[in-house]
Amino acid sequence: MESYLTRLNQYRCMWVLVFFDLPTETLTERKAATRFRKNLLDDGFGMFQFSIYSRFCPSRENATVHIKRTKRALPKKGKVCIMQITDKQFGMMELFHGQKEANLEAPSQQLELF
């Protein structure tokens, strides 16, 4: 019989979110930022937003492994925040995808034949 501690559930499964703001003014800084982003992708993270990457982990222990890997790849400059939340908390997130306001076409001139 499977223990309740080993089952996947919304309170045991974790999401690891990595937020970062890295400088990209020089070639060296751009390379460091690209390397950090590539390390996240290679470790199974996906882009959530431009500077926010997320990864699902089936347990806290697995989340710890990926957090350690991310810490080893930290660039020397910039700001990085690593946050872990439960799958239940992640599921309560509200996402909004806005649309660009469409420009209304000017009404065409009506042609009167009489």
Side-chain angles (χ1 to χ4, degrees):
M1 185 166 135
E2 194 172 286
S3 165
Y4 76 93
L5 291 175
T6 58
R7 278 191 324 222
L8 292 179
N9 68 50
Q10 292 181 319
Y11 297 99
R12 184 154 166 73
C13 297
M14 303 297 292
W15 283 87
V16 177
L17 300 164
V18 178
F19 306 80
F20 57 90
D21 185 14
L22 303 176
T24 56
E25 293 178 9
T26 67
L27 180 62
T28 305
E29 290 172 343
R30 282 192 298 277
K31 283 184 178 181
T34 301
R35 192 176 322 110
F36 180 69
R37 187 179 156 281
K38 187 177 179 321
N39 285 337
L40 289 173
L41 293 171
D42 290 345
D43 194 28
F45 284 82
M47 184 190 296
F48 189 76
Q49 288 186 358
F50 288 121
S51 293
I52 303 173
Y53 282 68
S54 63
R55 187 185 198 296
F56 175 80
C57 298
S59 67
R60 290 181 190 275
E61 295 78 18
N62 185 257
T64 302
V65 168
H66 293 288
I67 290 170
K68 285 180 182 177
R69 283 186 194 154
T70 302
K71 287 180 179 179
R72 282 195 305 262
L74 288 175
K76 293 182 182 193
K77 295 181 180 179
K79 296 178 183 176
V80 177
C81 170
I82 302 171
M83 179 172 65
Q84 54 183 320
I85 59 175
T86 65
D87 190 42
K88 180 70 173 175
Q89 291 167 320
F90 189 83
M92 292 187 297
M93 188 183 317
E94 293 185 57
L95 299 174
F96 301 94
H97 299 278
Q99 290 182 314
K100 269 188 172 178
E101 187 175 319
N103 293 333
L104 296 176
E105 291 184 19
S108 61
Q109 194 71 4
Q110 179 85 22
L111 181 60
E112 201 172 303
L113 296 175
F114 296 95

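Along the sequence shown, residues are numbered consecutively beginning with 1. Atoms considered below: every heavy atom in the structure, side chains included; atoms not considered: hydrogens, waters and symmetry mates.
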Asker: Is the count of non-hydrogen atoms from other residues, nucleotides or ligands lying under 6.0 Å from Glu61 atom CD greater than 12?
Answerer: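 Enclosed: over 12 neighbouring heavy atoms sit under 6.0 Å from CD of Glu61.
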Asker: Do the side chains of Val16 and Leu41 join up, straight or via other hydrophobic residues, at under 4.5 Å, putting them in one cluster?
Answerer: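 Per the 4.5 Å side-chain linkage, Val16 and Leu41 are co-clustered.
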Asker: Under the criterion side-chain contact (heavy atoms from CB on, under 4.5 Å), I'd like the reasoning laid out for Met14 against Ile85: C-alpha separation, chi angles, the key distance, then a yes or no.
Answerer: CA-CA 6 Å; Met14 303 297 292; Ile85 59 175; 5.7 Å; no
Asker: Nearest heavy-atom pair of Ile82 and Lys71: which atoms, and what distance?
Answerer: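 Ile82 and Lys71 have their closest heavy atoms at CD1-CG, 4.0 Å.
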Asker: State which residues pass ring-ring contact (aromatic ring centres under 6.0 Å, His included) with Phe20; sequence neighbours excluded, sorted by chain then number.
Answerer: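 Residues passing ring-ring contact (aromatic ring centres under 6.0 Å, His included) with Phe20: Phe36, Tyr53.
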Asker: Nearest 0.5 Å please: distance from the CE atom of Met83 over to the OG atom of Ser54.
Answerer: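 Output value for this atom pair is 10.5 Å.
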Asker: Can you name the closest pair of heavy atoms from Val80 and Pro75 and give their distance?
Answerer: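 Where Val80 meets Pro75 most closely, the heavy atoms are CG2-CD, 4.4 Å.
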Asker: Could you state whether Trp15 and Ile52 fall into the same hydrophobic cluster, counting links through intermediate Ile, Leu, Val, Met, Phe, Trp or Tyr residues with side-chain heavy atoms under 4.5 angstrom apart?
Answerer: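 Both belong to a single hydrophobic cluster.
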Asker: State, to 0.1 Å, how close Met47 and Gln49 come at their nearest heavy-atom pair, and which atoms those are.
Answerer: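 Taking every non-hydrogen atom into account, CG-O, 2.9 Å.
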Asker: Ignoring hydrogens and angles, tell me if any N or O in the side chain of Arg55 forms a donor-acceptor pair with the backbone of Asp43 under 3.5 Å.
Answerer: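 Side chain of Arg55 to backbone of Asp43: a pair is present.
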Asker: Using 0.5 Å steps for rounding, measure from the NZ atom of Lys79 to the NZ atom of Lys77.
Answerer: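 That separation rounds to 14.5 Å.
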Asker: Working to the nearest 0.5 angstrom, can you tell me the gap between Thr24 OG1 and Lys31 NZ?
Answerer: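 Between Thr24 OG1 and Lys31 NZ, I get 14.5 Å after rounding to 0.5 Å.
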Asker: Considering all heavy atoms of both residues, which atom of Gly78 and which atom of Pro23 are nearest to each other, and what is their separation?
Answerer: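 Taking every non-hydrogen atom into account, CA-CD, 3.6 Å.
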Asker: So, taking the atom named CD in Gln84 and the one named NE2 in His66, what distance separates them when rounded to the nearest 0.5 Å?
Answerer: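 Gln84 atom CD to His66 atom NE2 measures 11.5 Å (nearest 0.5 Å).
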Asker: Can you tell me how far apart CG (Leu74) and CZ (Arg72) are? Round to the nearest 0.5 Å.
Answerer: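 If I round to the nearest 0.5 Å, the distance is 11.0 Å.
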Asker: If hydrophobic clusters are built from ILVMFWY residues whose side chains come within less than 4.5 Å, do Phe96 and Leu17 share one?
Answerer: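 No: no chain of side-chain contacts under 4.5 Å links Phe96 to Leu17.
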Asker: More than 12 heavy atoms of other residues, nucleotides or ligands under 6.0 Å from CZ of Arg30: is that the case?
Answerer: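 Counting other residues, nucleotides and ligands, CZ of Arg30 exceeds 12 neighbours.
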Asker: For residues Phe48 and Met93, determine if any side-chain heavy atom of one lies less than 4.5 Å from a side-chain heavy atom of the other.
Answerer: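 Result yes, sub-4.5 Å side-chain heavy-atom pair found.
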Asker: Between Asn62 and Pro58, which heavy-atom pair has the shortest distance, and what is it?
Answerer: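 So the minimum-distance heavy-atom pair works out to OD1-CD, 3.4 Å.
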Asker: Same cluster for Phe19 and Phe45 if Ile/Leu/Val/Met/Phe/Trp/Tyr side chains link at under 4.5 Å?
Answerer: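 Different hydrophobic clusters.
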Asker: To the nearest 0.5 Å, how far apart are CZ in Phe50 and CG in Asp21?
Answerer: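 If we round to the nearest 0.5 Å, Phe50:CZ and Asp21:CG are 14.0 Å apart.
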